2 protein chains.
Amino acid sequence: MGKQATEMLKGILEGIVLAILSDRPAYGYEITARLREQGFADIAEGTIYALLLRIEQRSLVDVEKVPSEKGPPRKVYSLNAQGRDVLAEFWRTWSFLAERLEQLREGGR
Amino acid sequence: MGKQATEMLKGILEGIVLAILSDRPAYGYEITARLREQGFADIAEGTIYALLLRIEQRSLVDVEKVPSEKGPPRKVYSLNAQGRDVLAEFWRTWSFLAERLEQLREGGR
DNA sequence: TCCACTACTCGGCGTTACTATGTACCAGTA
DNA sequence: TACTGGTACATAGTAACGCCGAGTAGTGGA
């Protein structure tokens, strides 16, 4: 993905992470790994941690420290009610955008 | 649309404008008006003009000054070859994102 | 004359993702 | 013991983008 993608991810990456957490709780390193598997190869670790800190400060997630077999303790994030609201709002906005863009793409040929 | 949308528009708004221009040449005020018709009610005028200046500086568009019946002369933008390349790249990135998100949404229930 | 509409420009702001770097813990191994 | 590599989190600085607010200017109608 090119540099365009960097800008396009803004705001969307947060939605993606919230969606991942809505499936089940997860910790930063795990989320980074899952994103890489799903094709987001070049998303920096630091980006995810910064994002997680932000949504923690906005109280969209609950946090639990869990000891790890390997390495430092994990911060496991789980989506709370407020987080679910934000996620729902995200999907609404996304749907709106996706519809408009689909129309534009059709019209463009 | 909420404040989330502001961030989500980043990068995408440029694609939208390029797509509009790929249909046919247009000038700033006209583009703003068309966006409003299509539901992007709260996109600031200044945002569009700034975006147009950026894509002009990156040589994605050709510019022609055309006198207007009402008000100051119009700057009519038309997509050139380079702009078409960037638009194509935009659609590729968009498709990628749209696919991933569709998967996430399915998995989420 | 005043207002509304058309049309473009500019400076400053907040948010976001990226880069680069650092800390720390553990297991295997030579 | 020392080294390497994988796990796990944190942070400082940067660039880009969209928003806000204000300003300039031309036209036509009340």
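Chain naming here is simple, since letters A, B, ... match the order of the sequence lines and numbering starts at 1 in each. No experiment lies behind these values; they were computed from the predicted model shown.
- Looking at every heavy atom in both residues, B/A26 comes nearest to B/R34 through CB-NH2, 3.9 Å.
- The separation between B/Q57 atom CD and C/dT9 atom P is 11 Å, rounded to whole Å.
- Here the side chain of B/P72 is nearest to one of D/dT7, D/dG26, D/dG18, namely D/dG26.
- Side-chain atoms of A/K10 and base atoms of C/dT15 include no donor and acceptor less than 3.5 Å apart.
- Listed pair B/T47 / D/dC19 meets the phosphate criterion, a side-chain N or O lying under 4.0 Å from OP1 or OP2.
- B/L52 has its CG atom 10 Å from the C1' atom of C/dC8, to the nearest Å.
- Considering only side-chain atoms of B/L53, the nucleotide from C/dT6, C/dT9, C/dA24 that sits closest is C/dT9.
- Between B/R54 and D/dC17, a side-chain N or O to OP1/OP2 separation shorter than 4.0 Å is present.
- Taking 4.5 Å as the limit, some side-chain heavy atom of A/I55 sits within range of a side-chain heavy atom of A/L21.
- Looking at heavy-atom distances under 4.0 Å, A/K70 makes contact with sugar-phosphate atoms alone, never a base.
- Among the protein residues, A/T32 comes within range of no part of the nucleic acid, since none of its heavy atoms lies under 4.0 Å from any strand.
- Taking the six-membered ring where the residue is Trp, the centroids of B/F96 and A/F40 are separated by under 6.0 Å.
- The side chain of A/E7 has D/dA16 as its nearest neighbour among C/dC25, C/dT15, D/dA16.
- The listed nucleotides are C/dC8, D/dC17, D/dT11; the one nearest the side chain of B/Y29 is C/dC8.
- Taking atom CD1 on B/I48 and atom P on D/dC20, their separation rounds to 13 Å, with Å as the unit.
- Computed from coordinates, the A/E45 CD to D/dG5 C1' distance equals 14 Å when rounded to whole Å.
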**Study point:** Stepwise salt bridge (charged side-chain N to carboxylate O under 4.0 Å, His left out) check, A/R74 with A/E64
**Key:** CA-CA 8 Å; A/R74 297 165 173 166; A/E64 199 189 353; over 6 Å; no
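- For A/Y49, no side-chain nitrogen or oxygen approaches OP1 or OP2 of D/dT11 to under 4.0 Å.
- The side chain of A/L51 lies closest to C/dA17, out of D/dC19, C/dA17, D/dT7.
- Taking atom CD of residue B/Q4 and atom C1' of nucleotide C/dT16, one finds them 13 Å apart after rounding to whole Å.
- Using a 4.0 Å heavy-atom criterion, one finds that B/G11 contacts the sugar-phosphate atoms exclusively.
- Atom CZ in B/F90 sits roughly 13 Å away from atom P in D/dC17 (whole-Å rounding).
- Between A/S68 and the phosphate of D/dA8, there is a side-chain N or O to OP1/OP2 separation shorter than 4.0 Å.
- Between B/A19 and B/W91, the closest heavy-atom pair is CB-CZ2, 4.1 Å.
- Checking B/R105 against A/S95 by side-chain atom types alone, a donor-acceptor pair falls below 3.5 Å.
- In terms of position on DNA chain D, the residue among A/G46 and A/R74 whose nearest nucleotide sits closer to the 5' end is A/R74.
- Each of A/T6 and A/E69 lies near DNA chain C, and the nucleotide nearest A/T6 is the one positioned closer to the 5' end.
- In this structure, B/Y27 atom OH and C/dT6 atom C1' are separated by 8 Å, rounded to whole Å.
- Taking atom CZ of residue B/R36 and atom C1' of nucleotide C/dC5, one finds them 13 Å apart after rounding to whole Å.
- Put simply, B/K75 has a side-chain N or O that comes within less than 4.0 Å of OP1 or OP2 on C/dT9.
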